[in-house]
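Structure, as structure tokens:
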Amino acid sequence: MLYDMTVPAYQNGLRALSAQLDKALAWGADNGVGELQFIAARLAPDMFPLASQVRFSCQQAIQAATRLGAPGAPQFADDAADFAGLQAQIAETLAWLDTVDAAEIDADPGRAVGFDLPNGMAFDMTAATYVRDWAQPQYYFHLVAAYAILRHMGVPLGKVDYVNYMLAYLRPGTAPAA
């Protein structure tokens with residue numbers, strides 16, 4: 001249950017983010033917006049830029065799986081400096097998520113999960129509560145922030161770009177006319 005709620009969702013979101021970055025890079029080339037402008041773009045002065053949001057999206061997926069029992073996680077100490085670096089972080093995260101054992105994640109939804117934040121706050125909860133109340137909201141916050149930065153910069157993204165993996169479930173004959 002916990003595996004199904006986390007790892008496949010993280011893989012879907014990161015693949016969609018990768019495609020959004022590809023679209024942004026192509027759109028930027030056609031519209032005079034360079035990689036460094038995207039990398040440094042942010043929604044508000046006190047928010048992290050795109051490069052951090054991508055790294056945080058990867059880290060949130062990794063942290064959730066490791067806190068739930070998955071070993072051998074990659075580490076990203078710094079933000080990527082270009083789109084190739086952003087894509088490399090996503091690819092490395094996806095490759096590692098492919099190795100995560102569902103049985104380890106699902107072992108005991110009631111087990112204790114605790115963690116400390118850099119500001120000194122500490123949290124203790126069950127694995128199931130951790131997934132519901134921390135892991136999922138944190139992951140999606142950063143994923144949405146990255147999407148929103150790209151939209152803010154003018155990239156013509158829509159909902160289908162955010163949830164492109166849903167097209168696999170589209171009932172035949174129900175897609176709107178182009």
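Sequence positions, counted from 1, serve as the residue numbers for this chain. Hydrogens, waters and symmetry mates play no part in the numbers below; they use all other heavy atoms, side chains included.
The CG atom of Leu17 sits 10.5 Å away from atom CG of Asn164, with the distance rounded to the nearest 0.5 Å. For the atom pair Leu43 CG and Ile149 CD1, the distance stands at 4.5 Å (nearest 0.5 Å). In this structure, the separation between CE on Met125 and CG on Asp133 is 7.0 Å, given to the nearest 0.5 Å. Here CZ of Arg15 is found 8.5 Å from CG of Leu97. Values are rounded to the nearest 0.5 Å.
Listed for the Gln20 side chain is no donor-acceptor partner under 3.5 Å among the backbone atoms of Leu157. Here the side chain of Arg42 pairs a donor or acceptor atom with the backbone of Met47 at under 3.5 angstrom. Proximity of a side-chain donor or acceptor of Asn31 to a complementary backbone N or O of Val33 within less than 3.5 Å is not detected. Listed for the Asp116 side chain is no donor-acceptor partner under 3.5 Å among the backbone atoms of Ala122. In this structure a side-chain-to-backbone donor-acceptor pair under 3.5 Å is present from Asp161 to Gly158. Between the side chain of Trp96 and the main chain of Gly72, a donor-acceptor pair closer than 3.5 Å is present.
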Run the side-chain contact (heavy atoms from CB on, under 4.5 Å) test on Phe48 and Arg55 for me, step by step, so that the C-alpha distance in whole Å, both residues' side-chain angles and the decisive distance to 0.1 Å come before the verdict. CA-CA 10 Å; Phe48 288 103; Arg55 180 171 55 91; over 6 Å; no
Verdict with supporting geometry, Val144 and Tyr162, side-chain contact (heavy atoms from CB on, under 4.5 Å): CA-CA 8 Å; Val144 169; Tyr162 182 73; 3.3 Å; yes
Run the side-chain contact (heavy atoms from CB on, under 4.5 Å) check on Asp79 and Gln89 step by step: do they pass? CA-CA 9 Å; Asp79 290 346; Gln89 287 178 342; 5.8 Å; no
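Counting heavy atoms from C-beta on, the side chains of Leu21 and Leu150 come closer than 4.5 Å. Contact of the Phe38 side chain with the Glu35 side chain is not registered, since no non-hydrogen atoms from C-beta on lie closer than 4.5 Å. Between Ile90 and Cys58 the shortest side-chain heavy-atom distance falls below 4.5 Å. Using a 4.5 Å cut-off on side-chain heavy atoms (C-beta onward), Ser57 and Leu14 make contact. A 4.5 Å side-chain heavy-atom check between Ile62 and Phe76 finds at least one atom pair inside the cut-off. At a threshold of 4.5 Å between non-hydrogen side-chain atoms, the residues Tyr10 and Gln136 count as touching. The side-chain heavy atoms of Met166 and Val163, taken from C-beta on, include a pair separated by under 4.5 Å. Side-chain contact between Pro137 and Arg132: absent, with no pair of heavy atoms (C-beta onward) separated by less than 4.5 Å.
Applying the side-chain contact (heavy atoms from CB on, under 4.5 Å) test between Tyr130 and each of Leu2, Thr6, Val113 identifies Val113 as the sole match.
Of the N and O atoms on the side chains of Gln11 and Asp98, at least one donor lies less than 3.5 Å from an acceptor on the other residue. Inspection of the Gln60 and His142 side chains reveals no N or O donor paired with an N or O acceptor under 3.5 Å. Judged by distance alone, the side chains of Tyr139 and Gln59 never bring a donor and an acceptor atom under 3.5 Å apart. Between Gln87 and Ser18, the side chains place a donor N or O and an acceptor N or O closer than 3.5 Å (distance only, hydrogens not considered).
In plain terms, the two heavy atoms of Pro49 and Ala40 that are nearest each other are CB-O, 3.5 Å. Scanning all heavy atoms of the two residues, the minimum distance from Ala135 to Ala64 falls at CB-CB, 3.8 Å. Counting all heavy atoms, side chain and backbone alike, Phe123 lies closest to Leu117 at CE1-CD1, 3.6 Å. The shortest non-hydrogen separation linking Ile39 to Ala80 is CG2-O, 3.9 Å. The two residues Asp106 and Pro109 come nearest to each other via the heavy atoms O-CD, 3.9 Å. When all heavy atoms of Val100 and Val7 are compared, the pair lying nearest together is CG1-CG2, 4.0 Å.
Under a hydrophobic clustering in which Ile, Leu, Val, Met, Phe, Trp and Tyr are joined whenever their side-chain heavy atoms come within less than 4.5 Å, directly or via other members, Leu36 and Met153 fall into different clusters. Phe56 and Trp134 fall into different hydrophobic clusters, where Ile, Leu, Val, Met, Phe, Trp and Tyr are joined by side-chain heavy atoms under 4.5 Å apart, directly or via other members. Under the 4.5 Å side-chain contact rule for hydrophobic residues, Tyr165 and Val160 do not share a cluster.
Stacking of Arg67 on the aromatic ring of Phe115 is recorded, both the 6.0 Å distance cut-off and the 45° axial limit being met.
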